[in-house]
Amino acid sequence: NNYKMATELQVLQELATDESLQPLLEDKFDPKIFATQTIQSQIVGEMLQKLMQGISELDNELYSQVVTHYEDLLSQATGIEALESVLKMMQTRIESLITAVDRISNKIIDPYQRIASRTSQLSRLQSACDLLRKIIRMLYLIKRVKTQMQAGLKEITKVAQTFSEIDQLTQGNELSGIEVLDDERPWLQRARREVESQAKKMLLQGLEHLNPTHVGVALQVFYNLGQIEPILLTVLDSYCEAVQHEIQNAVDPSSLLQSINVASSTSGTSRSSISVSGGSATWKASLWTQLEKLSNALWKLYKQIHQLEV
């Protein structure tokens with residue numbers, strides 16, 4: 001074995017020591033460049049001889065290697081044939097597996113696509129049915145509002161309740177763009193404003209005349225319309241302004257002087273006599289009178305506001 005390795009190394013060393021043949025051993029050997037350089041150096045005949053000699057030495061070395069290792073080569077060739085047989089068997093099984101997968105895919109994909117298509121159709125049908133139910137319900141509520149509006153204030157609470165149901169149905173944009181409903185929207189808006197106006201009038205009259213029935217009905221209407229908080233804030237603001245006005249009017253000097261003048265004209269006393277004698281007492285009496293009026297006014301406002309308690 002050592003002799004054989006030495007022989008192999010000797011052949012390679014002989015090729016490597018020849019400068020003209022060294023380019024043949026390079027990894028980036030280019031035959032065109034080698035031929036061009038050989039022609040330019042004008043040693044074509046000598047180079048051909050060296051190449052023929054090198055080829056002969058390599059053939060001899062290759063023959064020697066085959067003769068020396070023929071048993072190993074035969075065993076490897078047998079192993080390659082067995083490997084090719086295994087590969088052919090695996091390829092056959094893989095092809096069978098691919099065929100089976102394709103067959104199963106055809107059995108699964110087609111039903112799946114049909115199920116997906118039917119599911120999509122079912123979903124669309126359900127959406128269409130829901131929309132139709134809402135449209136029918138909306139038309140029924142519109143008809144009911146028209147009937148209830150003809151009854152006037154007697155049905156105002158029921159009208160507000162119907163508007164509440166309409167608001168729930170019209171949440172979002174599902175019912176927008178439907179011609180049969182769009183034609184009724186202007187009338188519904190006018191009817192809603194009319195109901196709100198009547199309810200507000202009823203509320204103010206109920207507060208003014210201390211009628212809890214009217215107040216309760218009006219508040220119920222605004223609650224159904226979803227306007228209970230805004231109307232309460234509006235009413236309370238108006239009462240705050242009324243209280244402020246009553247307080248300012250009670251302590252206003254011009255109002256006190258007018259009250260004194262009215263009292264003096266009633267008793268026949270002149271303004272000069274009031275200013276000379278007893279002026280302070282008259283002013284006190286007038287102030288107490290104004291405060292009494294203020295107290296009565298505040299008490300009345302309190303009773304009216306107290307009706308808003310829930």
Could you report the tightest heavy-atom contact between Val221 and Ala199, atom names first, then the distance? CG1-CB, 3.7 Å

Taking Ser123 for its side chain and Thr119 for its backbone only, find out whether a donor-acceptor pair lies under 3.5 Å. no

Are side-chain N/O atoms of Asp167 and Gln171 paired as donor and acceptor at under 3.5 Å? no

Say whether, by atom type as modelled, one donor and one acceptor occur between the side chain of Arg192 and the main chain of Leu225 under 3.5 angstrom. yes

Taking every non-hydrogen atom, the tightest pair across Leu203 and Phe222: CD2-CE1, 4.5 Å

Donor-acceptor pair, distance only, cut-off 3.5 Å: does the side chain of Ser117 make one with the backbone of Gln113? no

Sort out for me which residue in Glu194, Glu155, Arg144 forms a side-chain contact (heavy atoms from CB on, under 4.5 Å) with Met149. Glu194

Surrounding NZ of Lys146 (heavy atoms of other residues, nucleotides or ligands, distance under 6.0 Å), is the total greater than 12? yes

Check against side chain to side chain donor-acceptor pair (under 3.5 Å), Asn296 and Glu292: CA-CA 6 Å; Asn296 293 333; Glu292 185 178 357; 4.7 Å; no

Is the backbone of Ala160 close enough, under 3.5 Å, to the side chain of Ser164 for a donor and an acceptor to pair up by distance? no

Could you check whether any side-chain N or O of Ser120 sits under 3.5 Å from a backbone N or O of Ala116, counting only pairs where one atom can act as donor and the other as acceptor? no

Using a 6.0 Å cut-off, check whether atom CD of Gln205 has over 12 heavy atoms from anything other than its own residue. yes

Look at the side chain of Ser56 and the backbone N and O of Met52, then say whether any donor-acceptor pair between them is shorter than 3.5 Å. no

